[in-house]
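Inspection log for the structure reproduced underneath, given as structure tokens.
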Amino acid sequence: MTAGALVAMLGACSDGDLDADPTETAPSVTDPPAPVATSERPPTPLTTTDEVPVGGGVVVADVLVVQPTAGRFHAFSAVCPHQGGPVRPPINGMMTCSWHNSRFRDGDGTLLSGPARTGLRRIPLRIDGKKILMP
């Protein structure tokens, strides 16, 4: 084979990167692929739809899950924004702080009466079959 033919053949196999550092080594074919960074985490199970009564709610780990009307579920912080007291599940459409009786609407967590100055923090949730999950 002539030198010209060898140069032509090598040029055809090149990836065309003339600026590549000849001291760099290519990754081995047997190297495992690099892990893909992901910010997704599995959802946290809170309760099931069967455990939340219509017109009521349940507290799970500082989260108050309510069902104001059949099939509608909401989640709120079960910690009162006033001084951190526990908020009880709703009765007659109102969730009440055990410490100072601040009252909040069960459908959206808005403040109905103080001493709290703000409503309850809403927590996103997802329904998967009968499971109620916090994404």
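Any value given below was found using the heavy atoms of this structure, including those in side chains, with hydrogens, waters and symmetry copies removed.
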With a 4.5 Å heavy-atom cut-off, do [X] and [Y] have their side chains touching?
| X | Y | value |
| --- | --- | --- |
| Thr118 | Leu111 | no |
| His100 | Cys80 | no |
| His82 | Pro115 | yes |

Measure across [X] and [Y] and return the closest heavy-atom pair with its distance rounded to 0.1 Å.
| X | Y | result |
| --- | --- | --- |
| Pro45 | Pro43 | CD-O, 3.5 Å |
| Trp99 | Pro86 | NE1-CD, 3.4 Å |
| Pro81 | Ala116 | CG-CB, 4.2 Å |
| Val65 | Val52 | O-CG1, 3.7 Å |
| Pro68 | Val54 | O-CG1, 4.5 Å |

>> Give me each pair satisfying salt bridge (Lys or Arg N to Asp or Glu O under 4.0 Å) with a member in residues 97-113, each pair once, sequence neighbours excluded.
In response: Arg105-Asp108
Do [X] and [Y] sit in one hydrophobic cluster, given that two such residues count as connected whenever their side-chain heavy atoms are within less than 4.5 Å of each other, even indirectly?
| X | Y | value |
| --- | --- | --- |
| Ile123 | Val87 | no |
| Val59 | Met134 | no |
| Phe104 | Val66 | yes |
| Val79 | Leu64 | no |

Rounded to the nearest 0.5 Å, what separates atom [atom1] in [X] from atom [atom2] in [Y]?
| X | Y | atom1 | atom2 | answer |
| --- | --- | --- | --- | --- |
| Met94 | Leu112 | CE | CG | 7.0 Å |
| His74 | Leu120 | NE2 | CG | 12.5 Å |
| Leu125 | Thr44 | CG | OG1 | 12.0 Å |
| Glu51 | Gln67 | CD | CD | 12.0 Å |
| Leu46 | Phe73 | CG | CZ | 12.0 Å |

>> Ser77: which residues meet the side-chain hydrogen bond (donor to acceptor under 3.5 Å, both in side chains) condition with it, sequence neighbours left out?
In response: none
>> Counting only heavy atoms from other residues, nucleotides and ligands, does the tally under 6.0 Å from CD1 of Ile127 exceed 12?
In response: yes
